[in-house]
Amino acid sequence: MNHRGETAAPAALPAVPLTLEGSSVLHQMFRIRRAEWRRQPAEARERMLAEAEAALSGMGAHSALFHVLGHKADLLVLHFRRSMEELGEAELAVAGLELAEYLEPANSYVSVVELGLYESSRKTYESLAEKGVAPHSEEWNRAIEETLGRQRSAMAARLWPEIPDSKYLCFYPMDRRRGEEKNWYRLPMAERQRQMHEHGMVGRRYAGEVRQIISGSIGLDDWEWAVDLFADDALVFKKLIYEMRFDEVSAVYAAFGSFLVGLRLQAGGLKGLMEARRAK
Ligand code: FEC
């Protein structure tokens with residue numbers, strides 16, 4: 001109650017769901033300058049390939065190479081790292097290769113592995129509000145930190161993943177719509193949570209066939225999220241994404257960027273890609 005005897009209206013609950021962040025992610029897409037590459041003496045090409053193969057395989061399971069199908073790029077180098085600084089080091093390590101002279105940047109994408117905690121955000125916000133805890137008060141912040149801390153350890157493997165060694169990658173950026181009529185960011189939390197739950201239920205049926213890694217890029221790159229799907233059968237991408245188009249959250253609120261499909265390459269497959277000869 002204030003000095004005039006009025007009861008204060010309850011403070012609005014935060015609209016933003018809790019999220020957990022993990023690996024910093026960089027997608028680098030390159031076009032290969034094949035004409036110039038082929039003009040180099042065989043010995044120089046062998047030397048450059050040996051250096052690149054050693055450096056890239058030395059990066060372990062947190063970097064991977066993909067042969068991109070189609071004209072948008074030839075090579076995609078994907079890095080997952082503990083921090084943006086380490087991501088910067090990975091980028092410079094690639095740029096410092098002698099072979100990089102023959103790689104022309106075609107595109108890139110920077111993001112951070114993100115787990116959206118819609119269910120626990122809603123539960124935590126509502127139960128704190130029922131107890132009369134004001135949003136952003138000390139007590140509120142402590143309870144939120146506890147929830148995040150618990151989830152962070154339970155989800156560590158998903159926050160800091162190795163790059164799955166599946167045969168295929170499907171990568172694309174996407175937004176949630178912010179139109180005049182349909183605006184995701186104006187929906188109440190409970191409604192967004194319901195739609196995301198439905199989305200998760202569809203996704204869960206594909207759990208054995210596809211691994212999805214969602215990374216957030218609001219404030220980091222041009223779209224709001226990056227989607228990386230990994231599978232041993234590329235048709236699964238088409239089926240899953242088609243089915244999801246009918247989810248309310250996709251049918252009404254999703255806008256998609258450009259899609260890329262890549263075939264996983266071991267470092268030893270770089271030669272075949274550079275020279276446009278079939279990798280053994
Ligand atoms: O508002 C946000 O937080 C949006 C982040 C977000 C986007 C997104 C898009 C796609 N997903 C796709 C595949 C799957 C598969 C599973 C799955 C589950 C979730 C969950 C959350 C979530 N997805 Fe999502 N997805 C986003 C967020 N998604 C949260 C539920 C909890 C979790 O698993 O993290 C099932 C995974 C499993 O249970 O094993 C598969 C695909 C897209 C892009 C196409 C589309 O949106 O239509 C595919 C953005």
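Each ligand, and each atom within it, is numbered from 1 in the order the structure gives.
- Put simply, the residue from Glu198, Glu191, Arg192 that forms a side-chain hydrogen bond (donor to acceptor under 3.5 Å, both in side chains) with Gln195 is Glu191.
- Residues passing the side-chain contact (heavy atoms from CB on, under 4.5 Å) test with Arg186 are Asn183, sequence neighbours excluded.
- Ion pairing between Glu101 and Arg33 fails under the 4.0 Å rule for side-chain N and carboxylate O.
- Using a heavy-atom distance under 4.0 Å as the criterion, the protein contacts of ligand 1 are Gly116, Tyr118, Arg158, Tyr172, Met174, Arg176, Met196, His199, Gly200, Gly203, Arg204, Ala207, Gln212, Ile214, Trp225, Val227, Leu229, Leu240, Met244, Ser250, Phe256.
- His79 and Glu91 form no side-chain donor-acceptor contact under 3.5 Å, judged by distance and modelled atom types alone.
- Ring geometry for Phe66 versus Phe230: interplanar angle of 30 to 60°, hence tilted.
- Checked for salt-bridge contact, Arg45 and Glu275 meet the test: a charged N lies under 4.0 Å from a carboxylate O.
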